[in-house]
Amino acid sequence: MSRLEELLDLDVLRHYDRLALHVRRGMGDRPGDRRFPGRPQASGTEVESYASYTPGDDVRHLDWNALGRLDTLLVRRFTAEREVPIHLLIDCSASMSLPAPDRKHELAVELAMAIGYLGLSSNDAVQVVLLTTRGAHASPVFRQRPGAVELARFLAEATAEGALDLGSVLVDYAGGRSAPGVVVVLSDFMTEVAALAPGVTALRSVKHEVHLVQIVGPGELDPTRDFASGVLRDVESGATHAVQLTAATVAQYETQLAEHFAAVSDLATSAGAGYVRATSDVAVADIVTGDLARLGMVRRR
Amino acid sequence: MSAFGLLNPAGAIALALLVALMALHLWQRPRRTIPVTTLFLWARLPSAPPERRRFRPTALFWLRLAAAAMLIAGLVRPYVEREAAPLDTRSLLLVLDVSASMQTRERGGTRFEIARQRAADALGTLTPNDSVMVVTADNHTHILERWTSDHTRVRRRLETIGPLDTPTNLTPALTLALSEAEARPATRVVVLTDVPLEETGMAPDALASVDYVQIGTTDDNVAIASVTIDVPPFRDAAPTSATVVVRNYAARSHRVVLGAHIDGEAWGWHTLTLEPHAAEHVTLVDPPRDGVLVLELDAKDALAVDNRAVAWVSRGAPLDLLLVSDSRTLTATFAEVVAAIVGSKVEIMSREEYERGEPAGRRVALFDGFVPTRVPPAVNALYVAPPPGSAVCPSAEIIGEAAVIDWVDHPTLSGLRDLQAIVTERTSQLGTPTWGSAIIHAAANGQSFPFLIAGERGSRRLACLAGDLAGPLASSDRLPLLMLTLNVLRWLTEPYDGAPRVIETGVAALAGPGPRAPVAGPDQGTGLLVIGDPPVFLARRAGVYRVGPAGGARRVLANFLDDRESDIGRHQTTIQLAESPMAPARAPAKPREVGWWLYLLGAGFLIAEWATWRRLGGEA
């Protein structure tokens, strides 16, 4: 089965048909199926409020019954129905390919496919952005459920390689988009939180609803699985560090890792972003219906 | 039960590879680089010098070690040998004694008939699929039937055979049977004989695995133990005598009558009273005529074959010699010898005189140092020290001192002993002509060659003597050579026609030239075999044979005179059963080599190692 066929596996996608993305912010400019109460607009299907007529208003929306009882010209205002731009940012740095048996990058791609499929099912605008060493590589905007095929085709081409300064790339990406939407960052976030924070803050500053999905491999949680000693080489920077795994060093590492996870989580909390950590040995469907649902990002239709 | 083994133990040398692999791992380990997603988490941990770390084998190392171990294990080619399941067939090997003593009459028939019945009984215990082999033994071993499951055929063959007039030698037959039993699992060997087990010539332990049936209880036998015909050489007037030894092998006394006939004409009757285990000598003198002497015992004992003997009786012929020699010493010696023998004559002439005109009327001629181109008709000849280039007595060269080293049984050597005392100073290195055979061999200069050749050619007897007769023959040192020369002359003096060969049964004797077939005599002539090249007589039945067509036949007298074989006394019939009963036969176990499975396992480990290596990201 090719990568594309895996992504379009109907048996998997069928799990998501009864789910939908829960969006709290990020209303798009184009009409859509998603209603935004409190954001009345001149046209629509559901009356939300009334406003005094001002010249230029569409006379078709005048409430003639109110004019007869109150002798006041009132114009009906409708609940906004817009699409939501969903930005799926995938970390395509080399670190996502390690540890190799853990398939972190593949999980990120499959998660992006699942979230994108949920968005397309809700008639939202879905765009995938591959964060690579050469910058952000954005896909076309996919709409409607049939767009899932093109979405999958784009995702199938994604590879993980090279070094990436995730914080800077996120800052750049936030600066280039004005329309607020939902931004889902899929990464291992194995970088200093201090370097990551500007990116998250930048995304939030342009009114995006941000979710950080941290993908870690079991080999990262338990390094003794793959080695006992050796010279560790940072796959992106090339820096090395000789290590011998003893009980003490493993305990120290686990402490460092836990602190790092807590720091990322704190960053997300402080920035008003959602945060979830997924382990790559868990099935995508379980992550969607489990972790993402608990985060409030996904709910039943 | 299973057995394990190695077909290529030398392959274990490759175990050194494991050490090399471990060394390689240790050598590589300090340089092993492990790519990680980020280093900032690790950078806060203390760095440890790799070379100080302990040996910590990884999964990759174990997989490599397992793959190498499996490949090496396959290299030594281990095998598993499982004992095969029992087969349905068994094997029976019968060793049947057919020597003369098996003709002994016992209460239930002859010993051979009892043995044959026991053989039939053993056959009766077999199932139709079982195999049988029958070996007969007299002083030679014969395979009567090779391995067969046709039991009817075996029974029929057993009915057609009988004991021969030959001595016993069981050792080759037993050796054959034991080797067959070793090669063919679960073979029951049954030996049927009258020879006691301790006299087989085999170690008792070697026969522990056979059923040994020793048949016979009687010792009632009187036999003609030996016959000696005494014919004084060159003396036709002196009486020929025959000395017969009659021996009683029984534990009781016997009164027997010995009768002697020559060609049907009675020579005498002698009544003998033989005490237990005693022998009597009977001397017969003044034979009525020349001819075949038949001696018969009227003994009424258990074994008849040794109650009869045959011999050839003839009067001695006077020496009628033509001596052609230029040696004065030799001619003087022979003049003295001939003068001492009553009735003998010698005509002496030089080589030059002989070549001027051939004398006639002599029975035998001695040519000293030369081989004439022509010899008078009907004259037998002895060529002494023939020079090289002769067609009759081929010789390579004249060499120096030579000594006799070996000889065969032949009438020319009758009555002679200690021939190794013969040493000659000047010797012709003889070759073997087509008309005769080497009777005596001598050696000189590290090689052996014929010293005396005797044979028949063109209706005359010829002999070639390699040693030079020059010098005083009557001295004590050269007396054996003189006696040999006179013995050869006596053989040459005998009438060519009519003198039969006297042989013993079971003993091969050179047949010499002459007709080889047909053979008439006991058992329609089948009792005498004329076989081999050069042909030999091998008698299996005692008696008088005629070999050749009527009118030109030669006679062969075969005697059964074997003191050990005639001593038939046995204490009782003894049966020794094999220590281990005949087990069901099993197919030979086949070693099953498992090396390829180990290779396969090694390949599996290699694939697993490769997959693990890939899974770990192709790290070094």
Side-chain angles (χ1 to χ4, degrees), chain A residues 91 93-105 160 163-164 166 187-195 215-217 219-220 223-246 248-261, chain B residues 18-69 603-620:
Chain A
D91 181 354
S93 66
S95 68
M96 290 294 284
S97 63
L98 292 176
D102 294 342
R103 303 177 72 250
K104 284 160 53 182
H105 176 70
L164 179 69
L166 184 60
S187 172
D188 56 6
F189 298 119
M190 285 296 178
T191 183
E192 295 280 5
V193 172
I215 299 170
V216 294
E220 290 172 312
T224 59
R225 185 197 68 177
D226 296 334
F227 65 93
S229 63
V231 177
L232 305 185
R233 180 175 58 83
D234 190 316
V235 71
E236 295 186 20
S237 69
T240 59
H241 183 76
V243 161
Q244 178 189 2
L245 289 187
T246 62
T249 53
V250 170
Q252 282 182 294
Y253 170 79
E254 287 174 348
T255 302
Q256 293 285 338
L257 190 63
E259 288 176 355
H260 176 65
F261 289 159
Chain B
L18 297 183
V19 179
L21 182 65
M22 193 172 290
L24 190 65
H25 175 79
L26 290 171
W27 182 76
Q28 270 194 335
R29 186 170 53 88
R31 293 161 178 77
R32 185 181 172 201
T33 302
I34 303 145
V36 292
T37 55
T38 183
L39 206 60
F40 77 92
L41 293 175
W42 296 100
R44 297 167 191 169
L45 271 58
S47 179
E51 58 273 16
R52 293 185 185 174
R53 281 176 263 146
R54 287 162 44 202
F55 173 62
R56 286 174 177 269
T58 62
L60 275 177
F61 172 76
W62 286 121
L63 287 170
R64 288 166 186 161
L65 191 72
F605 278 121
L606 282 178
I607 292 171
E609 190 269 346
W610 175 79
T612 307
W613 179 78
R614 286 291 303 270
R615 193 169 58 84
L616 295 178
E619 55 178 304

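Each chain gets a letter, A, B and so on, in the order the sequences are listed, and its residues count up from 1.
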Based on non-hydrogen pairs under 4.5 Å, which of Leu257(A), Asp234(A), Thr191(A) is most in contact with chain B? Asp234(A)
Tell me, out of Glu259(A), Glu236(A), Glu220(A), who's got the most heavy-atom pairs with chain B below 4.5 Å. Glu220(A)
Between Ser97(A), Gly219(A), Ser95(A), the one whose heavy-atom pairs under 4.5 Å with chain B are most numerous: Ser95(A)
Return the CG to OH distance between Leu41(B) and Tyr253(A), rounded to the nearest 0.5 Å. 5.5 Å
Provide the closest heavy-atom pair for Pro101(A) versus Arg225(A) in the form atom of the first, atom of the second, distance. CG-NH2, 3.9 Å
Parallel, tilted or perpendicular: rings of His260(A) and Phe40(B) (30°, 60°): perpendicular
Which atoms of Thr255(A) are under 4.5 Å from chain B, going by heavy atoms: the side chain, the backbone, both sets, or neither? neither
For the student: nearest non-hydrogen atoms of Ser93(A) and Leu164(A), plus distance: CB-CB, 3.5 Å
Lys104(A) side chain to Pro99(A) backbone, donor-acceptor under 3.5 Å: no
Taking side chain as everything from C-beta outward and backbone as N, CA, C, O, which of these in Thr240(A) sits under 4.5 Å from a heavy atom of chain B? Side chain, backbone, both or neither. backbone
Per-residue tally against chain B (heavy atom, under 4.5 Å) across Asp188(A), Leu232(A), Val235(A) peaks at Leu232(A)
